[in-house]
Every structure is written in structure tokens, then in C-alpha cells.
Amino acid sequence: MAENSYNFTEREAHWRRFWREQEIYKFNPESQKPFYSVDTPPPYVSADHLHVGHIMSYSQAEFIVRYKRMAGFEVFYPMGFDDNGLPTERFVEKKYRLNKNKISRAEFIKKCLEETKIGSQTYRNLWELLGISVDWSKTYSTIDRHSQKISQWSFLDLYQKGKMVRKDEPTFWCVACQTAVAQADLEDKEEQSFLNYINFTAEQDGRPLLIATTRPELLPACAALFVNPNDERYADLAGKTARVPLFDYSVPILTDEAVDINFGTGLMMVCTWGDNEDVVKTKAHNLPIRSTINPDGRLNGLAGEFTGLKLTEARKQIIEKLKEKNYLVKQEEISHILNVHERCGTPVELVKTKQWFIKVLDARAELLAQAEKMNWHPLFMKQRYLDWVRTLKWDWCISRQRYYGVPFPVWYCRNCGEAILPEVEDLPVDPTLTSPKIKKCPACGGKDFVPESDVMDTWMTSSCTPLIISRLFEDKKIQARLYPSSLRPQAFEIIRTWLFYTVVKSFYHHGLAPFFDIMISGHGHDEKGQKISKRLGNFVDPEKIVAQYGADALRYWATGANLGENLRYNEQEIKKGKRTTTKLYNAAQFCFSHFQNRDYAKLETKNLLPEDKWILARLNETIKKATADFDAYQYARAKNEIDEFFWSAFCDNYLEFVKYRLYREKPDETAKQVLYQVFWAISRIYAPILPFIAEEIYHLYFHQFEKAKSIHLCSWPKVIASLPQAPKEEKEFEQVIAVILAIRKFKSEQKISLAKEIPEFAADLPVSEKYFDFIKAVAKVEKIAVK
RNA sequence: GGGCAACUAGCUCAGUUGGUUAGAGCGUCUCGUUUACACCGAGAAGGUCGGGGGUUCGACUCCCUCGUUGCCCACCA
């Protein structure tokens, strides 16, 4: 009957409009129900190619949200967009081929704002297409005034608590983005390189001193040579001096236990700075600083004839010169891993600059302890957080020498350098556009102030999201009910950034863990299990899938992802989802045609037949399991339970069991009551996963007896408590089903249609005679014989 | 180098405190239009649960070990 079939394209569009117009997902802050707040990940609006991976990770929180809404919580599900900071800047630079130095700050920011507007609309369209039940009246963006105000308040609060400090120290520096970056912004990259063996000269006796280095371009920045005090080869060198080749200056030779005797020649060159070891040794031995790298990645005046060269070019030319002058003894090919900036892939350097830091190293123990205050789903992801906190080496650098971000609310006294801060009620401020209210520096009385022109790390803002969303409401009582958030859903790769930084903030500001539950998702992969990437072009356009199979079908696939695990794109699963919506629709047609718009909501348990008790018992079981699964964030497992019940128990068996009672001249009213109970529960239990078809079914029939204007505002199915317990009868009925299966098998083997009545069947299972009529009616047999 | 996960049918995956004959979907094969649905139904074939040890009356499940894959972290001047 094609004219009755479910036109998902038209109906899904209809319900999308309905949900929007009726504000079905609007949060009611006046509600007395317990709140359930979701600290939704604000996506980077710079993502210009949304794919099924995004669908997967965002629908995971959505399944839970819809469940919680039905389970009696007042759900607060806002949406944010992360549109400040480097990701957006890099995106705009690439898209328009801009260079931040060749465009005015104002113009650049304008472009960024334009792009973020486009980006957020793209996201919203996709989320609505999928039926993500966000309250779109409550949104924020990380560059808006509200977020800026909270980020700046966070700065002031941490400053007053002594956790925010300005340090003039070697810091990770990206020469491509020309900004300081944090430890968490680094990524590993394997590189083929050379270990160069280079001769220094001992100044006391003129003998050659062979060192090994991968960074010959740092020769002009050499601070000292080091040997292990236990290294007999160099026992006489300690305290003497060496001459640096090419650059011809004197450096001390010192000892340090940390020098690996077996690496290279055992004689180590320490520069300012090639890596963390250099920083450690420079500090420990109080070495003079010879910094040679400019912020733009070119060598400074210390490099003599190599001044102005970029690092890679300098390396090449210095190697040539060393060869020429016979300082280069040999080169060994090596493969090593270096730290690159994750946004651009450029190797980071260590450059001494003045930056703002949030102290995290001295709170390591407390930050580890915070992990125990939250429920991790899955639990093993907690380990990643702990590992990260344990291995932290640097405080969190939050200054970025960029344009598009939240400004620092600070000026400096030109005379003494004192930091001048605004009052909280004046936030947000842009110090480059306004002056401080106080006219005199409290430290020295100076009257001339310099604004801080750096902007904050994007995580400085997004680490405040639990506060940002709770403060979308003015009322302090509501804020208190929304913070900490109930749930933080997020992907695993930002545990060390978003998750960690949010914990830091919440701990310093309020001494609290920022959320109660954490749900960590994996990634969507392609059919072969490969990461989806722009470069490989292996991504599937969600809009095409929705056009072909419907949003419910795509969601069905996404429900298959176990928390913390990656999910392969699988078109078969999407087809299965599509078939499930069709099956639900057809089952609805069957039930509703027998209901004829009459109310069967009341269940009279005294009239129940064994098959009724059986299906109701199975339903109770399914509700129990699905509820427990959703409560444990195990929506994939819930889906399996629900599918099994609907497809097998309900459709394949129960519907067949009751047909003979429905097609009688006087149809059985009890059967209809049971059908009502079971199918109404099925409709609701599928609603978090398949919200469109669930809504369709609701409005086809149930709506006329239920008050709620949407199935998504109805209550989650409850176990039917009034069901009489009859374990013996249930067991007997399992035997009855076994006999029916045997008859089906017999017919199948005999190539007989299941609809065809056979004269006799000999059951070799013990079944009470009282079930014979039932078996005969359901399995179409004239006579049952018992062996 | 340290850590975390995974390895079950041709494919994608379930299998929750150890307990009859290890399951599903898809795919394959056979059959069936049956007054919700052929986007369906019935049935069949298909697995030494990565290898090897051990604990136990009993191990896919617990322990040890090895292997493969993926991820996270640290790295050597």
C-alpha cells in the first residue's frame, strides 16, 4: 500500500518545523523538576566540512538528553560555538590567503566574525536536520560579550588568588603563527634528520672536543658544554672552557649527572634553548642566556654572517660552512620525534618572552584528586587525564600574540610595569580601546599606562563553559542549580585541553569539579576503519544520507557507537535504521487499525491470556534493561535490547499470536489493551534514538489520549507493576513457543507456506493440552499430537 | 620506552559479577506473498572466541606470557 507508506522526507521536515515552532526543547528555569544540564562541546565554527564523524559524537549526548527529558528531568541543553582564537584565525588566513602582519587588526577581526557567522549557521542547520534537541534560545559563542566577561572575570579572580602570573621565561613559540603556545597545543611529528658530529676546541690545550647535535643552527646560542661527572673520558675537562666553532666565543664546560654517557659522544652542547633539557640546565647552572631565534623564526645578530636566515636555511648553510672549515666530523641519519604546533604542524621553538601563565604544576596533587569527584564513562578514559596531569612540565601559557580572541583585561604602568586591572563590573574591557579608571599607578604613581595587546588562548574561554552556560540566566538560584553541569560530553583527544583546563578553572574558582558525569566519545571512521580526513577525502556528506535514508536512520547508526570507541561508517546499519522506522510505522498501522481511535489505555490484568503475560513480562524486562543502560550512558546496549524486543518478541511473535483474537467476529478487547500498552511503550522507548518516527506515531493515535504536545515531553515507560507473577505459566509458555518454532521449521523444511494449514503435527516437547487451541490457531495446524 | 584499548562467523559487532549446545545484524543458500510490513517472514550453512601456558569441577569471561592493530604520553642533546 504505497499511499500509506511513511514518507520520511516530508514527515521529518514537518516534525523539525513542529519542534521549532512549538519550542518543544525549551528549558524552563522555573520548573521544579530536577535539572539536568549539559555542557555541550562548542564546535569550532571553522570546520568547513561536516561529516558523519561530527554526527556521531554530537548525537551521543543527544540520546542521553532525550532520555533524561522523558525520565523526569528539566533538561538544559544549550549550544555554544567556539569561534575565538587561533583555530578561527588560521582558518580565515588559509581561506583568504591572508597574513596577519599585512592586514589591519580591525579588518582581520571583521573577516573572522563573518566566517564564524557562516560556520555557526552551517552547524545549526545540520543539528536541526538531525533533530538534535538543543534549546536554540540559549546559545553562546566564545567571542560574545557574555563569554568575554566571564573569561576576563576568570583572569581577575585567578590573579587575585595568585594563580595567574606573568613570567619572562623560555616558552613554546610557534614561528609560523608567531605566538606563544601551551604544552597542550603541541603534537608529535616524526622527522628524518641528521645527528651532526661537530668539533669544538678546548681553550686550554687546543684539542678538539666532539659533540653531537641535531640543531647546528643553535651554535650561536651555545651556553655551555656538559659532561657526566662519571665519564672518565672527560674527567679532566670539568671547569675548563671551550671555543665554539664558526662563531668563535668561549663557553664553560660543566658537569651534570643527567648527561647520558652513551648518547652521541657523551659531550653535550647546551643552547638557549633547543629543548626542555636546555632550559633545565640553564636554570640549574644559572647559565648566561644567548638567545638567537627571533619571533619570526629567523636568526638574530648573534649569528653573525647567518643573521636573518630562517632556521632551516641557517641549518643548511651552517652545515656547509662547518664542512668547509673541517669542523664537521660526520653525519648520522636519524629519525626522531619533535614537537610541532598542532594548528599548523610547524616545529615549536623555545623563546624567552613575557607571557601570562596559570599555575598548574604546584597544584598537581589536587588536580589529580579532582578526577575522583567525577563519574567517567568509560572509566578507562580517566587514566588519560591522570597521565596527562602527572606528566605536565609547564604551567599553562594563556597569552597569544594574535588578534582575534578575548583581550586581557590589563594595562601596565609604563614607568614600573605594575599590572593595572579593571573592576569586575566594568567587564568586558578591551584595554587597547579604553583606559583604566584609576589615574595613578598604585605602585609608583606613574600616570602613563600601556595596554596589553595580546589575546587569550581560546581554551581560556572554553574552560569556563560550565559557568558560561549557567550564567546565561540572571537569577543566582538558577545558576546554582545549573553549576556544576550534570554532564560533560566530549571527544577523547581534548581531555588534556578542554577537560583538563575546565577542571583547573573550576577547582581554582570554586573548589569544585565542574561536572558530575563525563561521557567521552570516540571518532567516526570510514568503512575501512580509517580516520576521516579532509586530505583522504573519505568523508560522507550527512545531508546526502539524510536525503536518502532519513535522519532517524543516520541516528540509528550513530547509536551503535560504544562510548570511547571509534565507530565505522556502515551503510548497512543505516539501512537497518531505515527499515526499523518503516517497521515501526507498519506495526503502528496494524495496531491503530484495530484500535479504531478508541481508548485502550486501561489494562485489565484479570483477563490476560498466557501470550499476553509473556509479552508484558518481556516488556518489563526490556524497560528495566533499557533504563539501566541509559542511566549508565550505554545507549548502544539499550538499542540492542530494544531492537530485540521490538523485532523479535513483538513483531515476529506477539503480533502473530494475537491475530486470531483480533480477526474474530468479536475481537478480543484484552488483546487490544495489551497491544496498546506494549506499543505505546515501544514508541516512547525508541523516541531518544528515532525521534521523528516516534513523534509521527504519537500523533497518529496516542496523542488524543495523552496531554503532552510531543512524545518527547511524555514520560519514559515504566515497568507495569500490576502484572500478576506467574513464573510457572511463563515457563510453560516458553515451551509453547518452542512448539510453534518447531512447526515453522517443519513447514519450512517441507517447503510449505506458513499460512497453509497442515492436518497434524507431532510435538516431541511436553506441552499442556490447554495450549493446543492456541498453537493450532497461531501455527495453523488442525491437530496436535504428542509423541 | 611507559600507558590505555581492541583481537569472537565472510563483514560489522553483542556477549554485565566464570556455569547447559557461544549470539545478532548484514552477506550467502533454501523456501514462503501470510488481511501491518517482500524495507517482510521461516529455515540452513558458517566460529579450535589472536597464539601459548596457568587457576578451577568448569574459562570467551580470571591470572601470566607472547603476537598483531589502534590510540595516548614521554623521549634523549
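Keep in mind the model is a prediction, meaning the values are calculated, not measured. By convention in this document, chain letters (A, B, ...) are assigned in the order of the sequence lines, proteins followed by strands, and residues within each chain are numbered from 1.
Counting non-hydrogen atoms under 4.0 angstrom, R496(A) reaches the backbone sugars and phosphates but no base. Counting any heavy atom pair closer than 4.0 Å across all strands shown, M268(A) reaches a base atom.
Whole-Å rounding puts the Q530(A) CD to C71(B) P distance at 10 Å. Atom CD of E277(A) is separated from atom C1' of C75(B) by 10 Å (rounded to the nearest Å). Rounded to whole Å, atom C1' of U35(B) lies 9 Å from atom CZ of F590(A). To the nearest angstrom, C1' of G32(B) lies 12 Å from NZ of K780(A). Put simply, CH2 on W647(A) is 10 Å from P on G25(B), counting in whole angstrom units.
Between R384(A) and C72(B) there is no side-chain N or O to OP1 or OP2 distance below 4.0 Å. One finds no side-chain N or O of R744(A) lying less than 4.0 angstrom from the OP1 or OP2 phosphate oxygen of C31(B). A close approach under 4.0 Å does not occur between any side-chain nitrogen or oxygen of Q634(A) and OP1 or OP2 of A14(B). Neither OP1 nor OP2 of U16(B) sits under 4.0 Å from any side-chain N or O of K624(A).
Between the side chains of E493(A) and H523(A), at least one donor N or O sits under 3.5 Å from an acceptor N or O.
G58(B) makes up no base pair with any nucleotide shown, lacking Watson-Crick or G-U wobble contacts both under 3.5 Å. Base pairing of C13(B): its partner is G23(B), meeting the Watson-Crick or G-U wobble criterion (both donor-acceptor distances under 3.5 Å).
Between the CZ atom of F630(A) and the OH atom of Y635(A) there is a distance of 10.0 Å, given to the nearest 0.5 Å.
Taking a 6.0 Å sphere around NZ of K189(A), one finds it holds 12 or fewer heavy atoms contributed by other residues, nucleotides or ligands. Atom CD of E372(A) has more than 12 neighbouring heavy atoms from other residues, nucleotides or ligands inside a 6.0 Å radius.
Below the 3.5 angstrom threshold, one finds a donor paired with an acceptor across the side chain of K583(A) and the base of C37(B).
Nearest nucleotide to the side chain of Q572(A), out of G32(B), C71(B), C26(B): C26(B).
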